[in-house]
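Report on the structure given below.
Predicted, not measured: the structure shown is a model, and the values here were computed from it. Order of appearance sets the numbers: ligands from 1, and atoms from 1 within every ligand. As a basis for the values below, the full set of heavy atoms in this structure was taken, side chains included, without hydrogen atoms, waters or symmetry mates.
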Amino acid sequence: MRMNRDLRRDYLQAIGIESWVRRGAPGAQAEVIAHVPPRAVPEGPERESGVDWPELESRVAACTRCALHATRTQAVFGVGSRAAQWLVVGEAPGAEEDARGEPFVGRAGQLLNSMLRAVGLRREEVYIANVLKCRPPGNRDPSPFEAAECLPYLEQQIALLKPRILLAVGRIAAQNLLRTESPLGRLRLHVHHFGRSQVPLIATYHPAYLLRTPADKRKAWEDLKFAREVCARV
Ligand code: SF4
């Protein structure tokens with residue numbers, strides 16, 4: 001599918017990088033939005049590692065593996081297509097996500113949606129989750145223990161989903177997934193691989209950060225185009 005150029009321009013404008021649309025530039029004609037048709041949803045129970053989606057969701061909802069269970073309103077499992085090729089992974093639920101039970105809502109969620117649309121993806125056709133399923137009080141960074149306890153749930157989600165690409169959104173998500181303390185600036189625009197499945201992982205900025213630092217939206221756009229290219233060739 002080639003995304004309508006006017007529509008894409010609108011999305012780029014929505015994320016504040018309209019200057020990236022080079023009307024009439026030679027490269028503009030040549031650029032093709034890579035798109036691979038969605039995979040069919042497997043028939044019957046989706047099983048991997050002895051757990052299916054409903055069971056995994058129940059386990060997360062009832063989880064008490066770390067202290068965050070005591071302060072959460074609810075666990076935030078994830079949302080989106082279970083046939084998605086893109087898995088977007090953030091850090092942890094914030095106050096609004098904790099209240100609504102869905103990751104990436106509010107202004108940051110709207111910006112994420114716009115970023116996805118800029119590369120031809122609707123929110124409904126990706127899967128969105130966090131490293132941590134429960135909100136750290138005061139939105140503090142996850143502790144290493146909390147991240148280690150919760151990460152197996154994400155690994156099980158990946159085993160069920162089998163995404164073509166993982167987009168790590170924000171420094172905390174990227175550092176936890178890649179087990180590194182390298183700054184995000186060094187992690188972006190490289191193809192990393194995650195977990196047993198070695199799914200390609202691309203790191204980019206968190207939309208909440210981009211709302212505070214709009215000058216970096218241009219870099220996020222580079223990251224998303226890079227991720228789109230990587231997804232098209234895996
Ligand atoms: S953050 Fe993860 S490990 Fe901790 S209680 Fe919630 S679901 Fe369990």
Side-chain angles (χ1 to χ4, degrees), residues 45-82 84 86-109 112 123 126-163 165-182 184 187 192-199 201-209:
E46 299 164 277
R47 292 201 165 271
E48 187 78 34
S49 307
V51 66
D52 60 16
W53 281 108
E55 167 137 12
L56 183 57
E57 194 159 4
S58 304
R59 287 186 192 178
V60 170
C63 179
T64 57
R65 290 172 64 98
C66 81
L68 296 181
H69 80 275
T71 49
R72 71 186 175 208
T73 302
Q74 59 193 316
V76 179
F77 180 70
V79 70
S81 168
R82 291 176 178 176
W86 285 56
L87 171 61
V88 178
V89 179
E91 170 186 341
E96 204 163 344
E97 287 82 9
D98 174 73
R100 289 175 50 180
E102 182 172 335
F104 285 97
V105 294
R107 287 183 67 219
L112 176 66
R123 180 180 173 98
V126 305
Y127 196 85
I128 305 173
N130 284 311
V131 173
L132 278 197
K133 308 306 189 205
C134 304
R135 181 193 180 207
N139 293 341
R140 63 162 170 74
D141 289 352
S143 72
F145 175 78
E146 291 159 354
E149 288 299 298
C150 211
L151 211 48
Y153 292 130
L154 182 67
E155 286 166 349
Q156 287 171 307
Q157 287 175 306
I158 290 171
L160 288 164
L161 191 65
K162 298 185 178 65
I165 195 158
L166 197 163
L167 186 69
V169 173
R171 175 182 65 84
I172 299 291
Q175 289 180 339
N176 275 287
L177 294 172
L178 296 173
R179 299 175 195 276
T180 179
E181 294 185 355
S182 294
L184 187 58
L187 298 175
H192 309 274
H193 293 89
F194 176 75
R196 275 176 293 177
S197 61
Q198 290 290 285
V199 55
L201 183 156
I202 305 299
T204 190
Y205 296 95
H206 196 287
Y209 166 82

Euclidean distance, [Y] [atom2] relative to [X] [atom1], rounded to 0.5 Å:
X      : Y      : atom1 : atom2 : answer
Glu146 : Leu68  : CD    : CG    : 4.0 Å
Leu166 : Leu177 : CG    : CG    : 6.0 Å
Leu87  : Ser81  : CG    : OG    : 11.5 Å

Completion exercise
Hits for salt bridge (Lys or Arg N to Asp or Glu O under 4.0 Å) against Arg179, two or more places apart or cross-chain, chain-then-number order -> none
Practice task
Mind checking how many protein N/O/S atoms fall short of 2.8 Å from atom 2 (Fe) of ligand 1?
Solution key: 1
Practice task
Count the heavy atoms belonging to other residues, nucleotides or ligands that lie under 6.0 Å from CD of Gln198, then report whether that count exceeds 12.
Solution key: yes
Handout entry: Test log, rule salt bridge (charged side-chain N to carboxylate O under 4.0 Å, His left out), inputs Arg82 and Asp52
Key = CA-CA 11 Å; Arg82 291 176 178 176; Asp52 60 16; over 6 Å; no
Fill in the blank from the handout: Numbered in order shown, the ligand 1 atoms found under 4.0 Å of a heavy atom of Arg72 are 5 (S), 6 (Fe)
